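Some notes on the structure that comes next.
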Amino acid sequence: MAFQRRRNHYYHRFRYVLPVISIVSGTLLVLLAILSFLTPYPIDSDNLRHRVHNHRHRSSYNVGVDDATEHMVFQVPVGSNGRRLDRDLWTSRNSKFFHGCSNASNKFLKSEAITHPNRYLAIATSGGLNQQRTGITDAVVAARILNATLVIPKLDQKSFWKDASNFSQIFDVNWFISSLAKDVKIIKELPRKGGKTWIPYTMRVPRKCSERCYSNRVLPVLLKRHAVQLTKFDYRLANRLDTDLQKLRCRVNYHALKFTDPIRKMGEKLVRRMRTKSKHYIALHLRFEPDMLAFSGCYYGGGDKERKELGAIRKRWKTLHISNPDKERRHGKCPLTPEEVGLMLRALGFGSDVHIYVASGDVYGGEETLAPLKALFPNFHSKETIASKEELESFSLFSSRMAALDFIVCDESDVFVTNNNGNMAKILAGRRRYFGHKPTIRPNAKKLYRLFLGKDNTTWEAFASRVRTYQRGFMGEPNEVRPGRGEFHENPSTCICEDSVTKEKRDSGPRKYGKADNATRKEEVFDDQNVDDEPEWPETEDDDDQSGLQEKGIPDGTGLDYDGVTSEEPELEDMLSD
């Protein structure tokens, strides 16, 4: 009995002690778990820094969670993006309600009624193919302003491009003359004077020269000399002109300038080969040549090797100011890298199975730089990969003819993308607006820069969502850009007409460009945010400025004045603008 009482006594004591021990133990375990969660694992900081600063050299992307850091790793979906988008990526919304319209009005007199005898205007173009194209277009309008006969323009054969082609070897000269016969009288060469070759008086007009400017500066000389040649003729005509003159610009650029049969047929062959590979394809105009990067002053994470190589090239231009690479990137003035273009396209919804045609020069870093883009889009093509050397033989020694082939393939693409704001990008953007608003993607470089910089600290879903938000207003949709804003070759708003019923509905609704009805404007492509960001490169001081850099006499992304180029330096605007 005594033993039984002692056992009951100890039983009752432990009966109360055991729960206390359990509570204390559980509390300690919880505290340990919290401490272990809050305490970071040791990380190799040098290795982490190496991963961040050398992301441009990766050709593949990690998937899942990093076992060493337990941080989410930025990952790109394999194959299709796995997300059903609310729009067709290959078409522009509402494009069916807009069309190109460039016919002259009834008050626009025929050329025979306004052309004066003994007034001949000749021009010498400048730069690569697309820069020369702007000069040719504006030359026709200048001749109309001066009531003069235009001599077929002389192409630039001496600048950086060193292409000996003349006008008739690039463009169908007979079509050019006949299609514009009602607007401007055009002849192939100056008539002989006294049995001798007539040498015209040469002069240069300022950039953005208006109608009054031509009347005051050129017409008096033309009346005295009868034949004048305007040199370095690129962006020498004002951005804003009378409506009929703007429409004449469109008739020249979009209808009169046709490539010769050999160029056109080869270009069409390249397009057919892209179509046999896929129903749709993207064309990318990629500017990432060493000279362009050196001149831009941008830095792309290549370390001392990149700084040394591009710095050596940069020394060619004695008048260049010292730039701040971080500032240039923050302001959206640096071309996107091939990898960044690829990430942008994937984020917009284009899967890895999409075929992409790349028009580019020699890319800085070669295959190493292109590797990430090719990993994102394995179906990677160029004219050199879809045509044989024999087929390209008659074109390969002439930069303008090779550029013309790229122009055709890019123009016929379902989606055109650019990483720059050069002449080809601008002309194609305007042309694609005129012919049906085919999707044309321009990077919102200022906003995307910050996103690319922090992409390793976010998920793909969040990254893609921000890209789609930032790119609203940069996709080539109708009414993305205000009429009259930017450069006319890029935004030929005067030559784009809207379906009357659609226009009536829009005009009867809230003001599109006002500050009211914010809820409605969220659904519109154009908004105040896009005005501030559109386009971030280049910036202009006033709306009358042509938004391309050539009207300032400088290549993309620089602040060098045209007259600042010394005779020993390469032609900057010629080398870097196309």
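Values in this document were obtained by computation on a predicted structure and should not be read as measured data.
Taking all atoms of both residues into account, the shortest heavy-atom contact from R468 to A347 is NH1-O, 2.9 Å. When all heavy atoms are compared, the tightest approach of R314 to A294 is NH1-O, 2.7 Å. Contact record, C410 with A359: SG-CB, 4.0 Å, taken as the closest heavy-atom pair. In terms of heavy-atom proximity, S179 sits nearest to A256 at OG-CB, 3.3 Å. Smallest separation of non-hydrogen atoms from F233 and A142: CZ-CB, 4.3 Å. Across every non-hydrogen atom of L336 and A445, the tightest pair is CD1-CB, 4.2 Å.
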Side chain to side chain donor-acceptor pair (under 3.5 Å) evaluation trace for N379 with Y357: CA-CA 9 Å; N379 298 310; Y357 177 93; over 6 Å; no
Trace of the side-chain contact (heavy atoms from CB on, under 4.5 Å) decision for L376 with L345: CA-CA 9 Å; L376 290 165; L345 290 174; over 6 Å; no
Test log, rule side chain to side chain donor-acceptor pair (under 3.5 Å), inputs T137 and R249: CA-CA 6 Å; T137 299; R249 264 177 164 164; over 6 Å; no
Verdict with reasoning, F176 to I136, per side-chain contact (heavy atoms from CB on, under 4.5 Å): CA-CA 11 Å; F176 181 76; I136 295 167; 3.9 Å; yes
Check against ring pair (Phe, Tyr, Trp, His ring centres under 6.0 Å), F288 and Y300: CA-CA 11 Å; F288 212 71; Y300 290 94; 4.9 Å; yes
Worked verdict on R275 versus Y281 for side-chain contact (heavy atoms from CB on, under 4.5 Å): CA-CA 8 Å; R275 294 288 181 209; Y281 74 90; 3.7 Å; yes
Worked verdict on T337 versus F452 for side-chain contact (heavy atoms from CB on, under 4.5 Å): CA-CA 11 Å; T337 68; F452 288 132; over 6 Å; no
From CA spacing to verdict: side chain to side chain donor-acceptor pair (under 3.5 Å), E384, S382: CA-CA 5 Å; E384 288 81 10; S382 67; 3.2 Å; yes
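Between L373 and L284 the shortest side-chain heavy-atom distance falls below 4.5 Å. At a threshold of 4.5 Å between non-hydrogen side-chain atoms, the residues K426 and H489 do not count as touching. Taking 4.5 Å as the limit, every side-chain heavy atom of V151 sits out of range of all side-chain heavy atoms of L121. At a threshold of 4.5 Å between non-hydrogen side-chain atoms, the residues P439 and M475 do not count as touching. H381 is not listed as a side-chain neighbour of V358, based on a closest heavy-atom distance of 4.5 Å or more. Using a 4.5 Å cut-off on side-chain heavy atoms (C-beta onward), V341 and P443 make no contact. Between K438 and F416 the shortest side-chain heavy-atom distance does not fall below 4.5 Å. Side-chain contact check for T418 versus M424: every heavy-atom pair is 4.5 Å or farther apart.
Salt-bridge annotation for E289 and R287: present, with a side-chain N of the basic residue lying under 4.0 Å from a carboxylate O of the acidic one. Using a cut-off of 4.0 Å between Lys/Arg side-chain N and Asp/Glu carboxylate O, R329 and E340 are scored as salt-bridged. By the 4.0 Å N-to-carboxylate-O rule, R144 lies too far from D183 to be salt-bridged with it. Between R485 and E490 there is no salt bridge, since no side-chain N of the basic residue sits under 4.0 Å from a carboxylate O of the acidic one. We find that D234 and R236 are joined by a salt bridge, their nearest charged nitrogen and carboxylate oxygen being less than 4.0 Å apart.
Rounded to the nearest 0.5 angstrom, L448 CG and F474 CZ are separated by 8.5 Å. The distance from atom CZ of F167 to atom CG of D172, rounded to the nearest 0.5 Å, is 9.0 Å. For the atom pair OG (S102) and CZ (R251), the distance works out to 6.0 Å, reported to the nearest 0.5 Å. Here the CG-CG distance, from N94 to N479, works out to 8.5 Å after rounding to the nearest 0.5 Å. Atom OG of S126 and atom CG of D156 lie 5.0 Å apart (nearest 0.5 Å). In this structure, N239 CG and D138 CG are separated by 9.5 Å, a value rounded to the nearest 0.5 Å.
The main-chain N or O of G365 is never found under 3.5 Å from a side-chain atom of E368 such that the two would form a donor-acceptor pair. A donor-acceptor pair under 3.5 Å is absent between the side-chain atoms of S95 and the main chain of T91, judged by distance alone. In terms of modelled atom types and a separation under 3.5 Å, the side chain of T125 and the main chain of Q131 share no donor-acceptor contact. Side-chain atoms of E391 come within 3.5 Å of backbone N or O of S388 as a donor-acceptor pair. Here the side chain of R432 pairs no donor or acceptor atom with the backbone of T440 at under 3.5 angstrom. At least one donor-acceptor pair closer than 3.5 Å links the side chain of D163 to the backbone N or O of S399. At distances below 3.5 Å, at least one donor-acceptor pair connects side-chain atoms of D244 with backbone N or O atoms of S105. Side-chain atoms of E211 do not come within 3.5 Å of backbone N or O of I145 as any donor-acceptor pair. At distances below 3.5 Å, at least one donor-acceptor pair connects side-chain atoms of E480 with backbone N or O atoms of G476. Judged by distance alone, with hydrogens and angles left aside, the side-chain atoms of D414 form no donor-acceptor pair with the main-chain N or O of W90 at under 3.5 Å.
Counting non-hydrogen atoms of neighbouring residues, nucleotides and ligands closer than 6.0 angstrom, the NZ atom of K374 exceeds 12 such neighbours. Summarising the local packing, CZ of R466 is surrounded by 12 or fewer heavy atoms from other residues, nucleotides or ligands at distances under 6.0 Å.
Residues meeting the side chain to side chain contact (heavy atoms under 4.5 Å, CB included) test with N103, sequence neighbours left out: none. In this view, K182 and K110 satisfy the side chain to side chain contact (heavy atoms under 4.5 Å, CB included) rule, not counting sequence neighbours.
Between C495 and C101, the two SG sulfurs stay at or beyond 2.5 Å from each other.
Residue I152 is tested with N166, I123, V173 for a side-chain contact (heavy atoms from CB on, under 4.5 Å); the sole match is V173.
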Cut-off 3.5 Å, no hydrogens considered: what does the side-chain donor-acceptor table look like for residues 257-270, sequence neighbours left out?
{"from": "D261", "atom 1": "OD1", "to": "R264", "atom 2": "NH2", "distance (Å)": "2.5"}

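For the pair R431 and Y434, the NZ or CZ position fails the cation-pi test of under 6.0 Å to the six-membered ring centre and within 45 degrees of the ring normal.
Neither side chain, N444 nor Y449, offers a donor N or O lying under 3.5 Å from an acceptor on the other.
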